[in-house]
Each structure stands twice: as C-alpha cells, then as structure tokens.
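When a residue number appears, it is its place in the shown sequence, counting from 1.
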Amino acid sequence: MKKLLFALVLLISFNGIAQTKTELQKHYEAFYDEMRLQGDIDGVINALTHLNILSPSKERKDTLAYIYANDNRHLQALNTIGIEKLDTDSDLAVQVKAISLKALNQPKRALEQFEVLNTRTPNAYLAYELADLKIQLGDNAGASTNVDYGLSNAKDDMKYAFYERQQPYEVPLKAAFLHLKALIKFNQNKEDIDGAIAILDEALKIDPNFNLASLSKQALASRKEAPAETGTKQ
C-alpha cells in the first residue's frame, strides 16, 4: 500500500512539473511574439534564452546568436554558438561566426567561416569579404583572385557599406572592389604608386564621394611626395 501511494505521489509530481514546463514554454513563446511586435531586442533575447533552456533547439540558438550579432553584441553571439568550424552548422550559424569574428578582429578565424559560406553559395559580397580578409593576412594573390571574381559578378545596383566616418555610407560594390585592387597593387609593388592611384581614380569615377578611396589616394600621394620633400630640406 505504501509503495502504491509513493508511486501515485511521484506520478502526480512528474505531471505537475511537465504541466508547469509546458505552461512556461507557452508563456515565453507568447512573450517572444509580443517582444518582436514591439521591436524590443532585449525582450526577444530574454524570451529566446528562456525557451532554449526549457526546450533546447539548435535553430533557436542560431537565431539568438544572429540577433546578438545584428545588435553588434558579437562576443555574446559567439558565446552562444561557439567559434569552431563545423560541417553541421547552418548557413545562419556560419554567417554569424564569420561576421562576429571579423568584428572582433579575428581575421584568420573569420576567413575560415567566410570560405565555408562561399563554398556553399558563392557571390560577389562574399568575394569582397574574402579579399578584404586575405589582404589583412598578407595573401595578396588569393585576394586578387577574389577581386577579379567580384568585379566580374558585381551588378551596378549592388552596394557596400563603410563605417570609417561618423556617419556610415554606401558605395557601389564595384568601386569597393577597385579600392581593394589598388591596395593589392601597392602591396605587390610599393614602387608603383601611380598604378595604385590610377585604380583608385577608377573607383572615384564610379563614386566621387567614396571617402575611404579618397583617403587611400591622399596617403599614397603623400608617400610619393615624401622623398622629394626630404631631398629639398637637405
């Protein structure tokens, strides 16, 4: 009799826990929907975190990491899904890892993730990211291959955003590729400053307001004039 009573109490307890967990999950699902409607990012993160605890889901975890990354909380994004290169990762997870690692100044690790994305779905935007990272890592030959692909596949309506000014701005993707091409030209032959400047002029012809290209041109022009100025002073 005592054993039967114990079993009944245990069964009731388990049912109560299951019911409470189901109610909590429904609550946070409704909370998540409401926070999305209100555009409350912290609320959405809170809801997804609770849902992942109540009912772990790889898809939901990827979404949480994406929201962190989209809100420039890159460390939290990577803490959510890790930094490892995994064949089982969804495209969204790989994208988050690539963007966040780049933002956290980890070009080598970021390049690995962008390479995965490019293998799955190559496009001009990924080619730009690959070229940019390879330049940072000193692989000018590899970067040149990506730039050539990008210039061949970039459409006139494609834009790329830059953030070196206080106010972000966009330029045609082709102009952005030409800027990288000029950097590669200079890196491969630092004596051919005129050649690099000529490529920057092509970029500025596409978009005269391309601030980063203007700054690069000024830096190269100053480098070219420096020996002459030094000689004059002597």
Side-chain angles (χ1 to χ4, degrees), residues 25 28-137 139 142-143 146 150 153-154 158-173 176-177 179-180 211-212:
Q25 186 168 339
Y28 281 109
E29 286 172 351
F31 181 66
Y32 170 74
D33 290 337
E34 185 62 29
M35 291 299 96
R36 283 187 62 194
L37 286 173
Q38 294 181 18
D40 187 331
I41 300 300
D42 287 331
V44 169
I45 290 171
N46 184 15
L48 285 174
T49 300
H50 279 89
L51 286 168
N52 276 326
I53 293 171
L54 291 166
S55 179
S57 163
K58 189 176 187 303
E59 292 76 13
R60 195 182 291 123
K61 185 175 284 191
D62 291 348
T63 301
L64 176 58
Y66 174 78
I67 292 170
Y68 272 130
N70 201 46
D71 200 43
N72 292 318
R73 299 191 229 181
H74 298 289
L75 187 58
Q76 290 92 329
L78 294 176
N79 285 339
T80 301
I81 59 173
I83 62 173
E84 298 83 4
K85 180 182 174 184
L86 302 173
D87 293 336
T88 55
D89 273 344
S90 66
D91 288 350
L92 183 61
V94 179
Q95 180 183 347
V96 169
K97 289 179 181 181
I99 293 170
S100 293
L101 286 166
K102 182 180 179 181
L104 293 173
N105 196 29
Q106 296 291 320
K108 188 174 181 179
R109 290 182 182 274
L111 179 61
E112 289 180 345
Q113 302 295 338
F114 277 114
E115 290 280 18
V116 172
L117 285 175
N118 193 58
T119 299
R120 294 181 182 182
T121 313
N123 61 65
Y125 286 109
L126 288 174
Y128 182 90
E129 300 296 345
L130 290 170
D132 186 30
L133 289 166
K134 287 177 182 178
I135 289 172
Q136 293 180 45
L137 294 168
D139 181 9
N146 294 126
N153 290 275
M158 289 181 173
K159 303 286 186 180
Y160 192 86
F162 288 90
Y163 300 90
E164 85 278 355
R165 294 192 312 194
Q166 190 171 5
Q167 184 67 35
Y169 64 98
E170 290 186 333
V171 303
L173 185 55
F177 272 116
H179 177 253
L180 293 184
N211 184 63
L212 187 57

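- A 4.5 Å side-chain heavy-atom check between I135 and L180 finds at least one atom pair inside the cut-off.
- Contact record, L173 with A154: CD2-CB, 4.0 Å, taken as the closest heavy-atom pair.
- Side chain of D40 to main chain of D42: a donor-acceptor pair is present (N/O by atom type, distance under 3.5 Å, no hydrogens or angles).
- Note on ring orientation: taking the six-membered ring where Trp is involved, the planes of Y169 and F162 are parallel (angle under 30°, cut-offs 30° and 60°).
- Looking only at side-chain heavy atoms (C-beta outward), I41 and R36 stay at 4.5 Å or farther from each other.
- Using a 4.5 Å cut-off on side-chain heavy atoms (C-beta onward), Y160 and E170 make no contact.
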Candidate pair L78 and L101, rule side-chain contact (heavy atoms from CB on, under 4.5 Å), full reasoning: CA-CA 8 Å; L78 294 176; L101 286 166; 3.8 Å; yes
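- Within a 6.0 Å sphere centred on CZ of R60, other residues, nucleotides and ligands contribute more than 12 heavy atoms.
- For the atom pair CD1 of I45 and CE of M35, the computed distance is 12.5 Å after rounding to the nearest 0.5 Å.
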Derivation of the side-chain contact (heavy atoms from CB on, under 4.5 Å) call for V171 and K159: CA-CA 5 Å; V171 303; K159 303 286 186 180; over 6 Å; no
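- We find the NZ-CG distance between K134 and L137 to be 10.0 Å, quoted to the nearest 0.5 Å.
- Within the 4.5 Å cutoff, the side chain of Q113 has no heavy atoms near those of the L111 side chain.
- The two residues K85 and V116 have their closest heavy-atom pair at CE-CG2, 3.6 Å.
- Heavy atoms only, all atoms of each residue included: A110 and A98 are closest at CB-O, 3.7 Å.
- The closest side-chain heavy-atom distance from E115 to L130 is below 4.5 Å.
- Here the closest non-hydrogen pair linking F177 and A124 is CZ-O, 3.2 Å.
- Atom CG in N118 sits 7.0 Å away from atom CG in N123 (nearest 0.5 Å).
- In this structure, Y128 contributes its side chain and N146 its backbone to no donor-acceptor pair below 3.5 Å.
- Side-chain atoms of S55 do not come within 3.5 Å of backbone N or O of L51 as any donor-acceptor pair.
- Rounding to the nearest 0.5 Å places CD of Q167 at 12.0 Å from CG of N211.
- Although no hydrogens or angles enter the test, the distance criterion places a donor-acceptor pair under 3.5 Å between the side chain of K97 and the main chain of E84.
- Note that CG of L126 and CG of N153 are 11.5 Å apart. Values are rounded to the nearest 0.5 Å.
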Steps toward side-chain contact (heavy atoms from CB on, under 4.5 Å) verdict (R165, L212): CA-CA 9 Å; R165 294 192 312 194; L212 187 57; over 6 Å; no
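- Contact check for L117 versus E129: no side-chain heavy atoms found under the 4.5 Å cut-off.
- Across every non-hydrogen atom of S100 and A69, the tightest pair is OG-CB, 3.7 Å.
- Atom CG of L133 sits about 11.5 Å away from atom CD of Q106, to the nearest 0.5 Å.
- In this structure the side chain of H74 never reaches within 4.5 angstrom of the side chain of V96, judged on heavy atoms.
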Which pairs of donor and acceptor atoms, one on a side chain in residues 61-68, lie under 3.5 Å apart (sequence neighbours left out)?
from	atom 1	to	atom 2	distance (Å)
D62	OD2	S90	OG	2.8
T63	OG1	E59	O	3.0

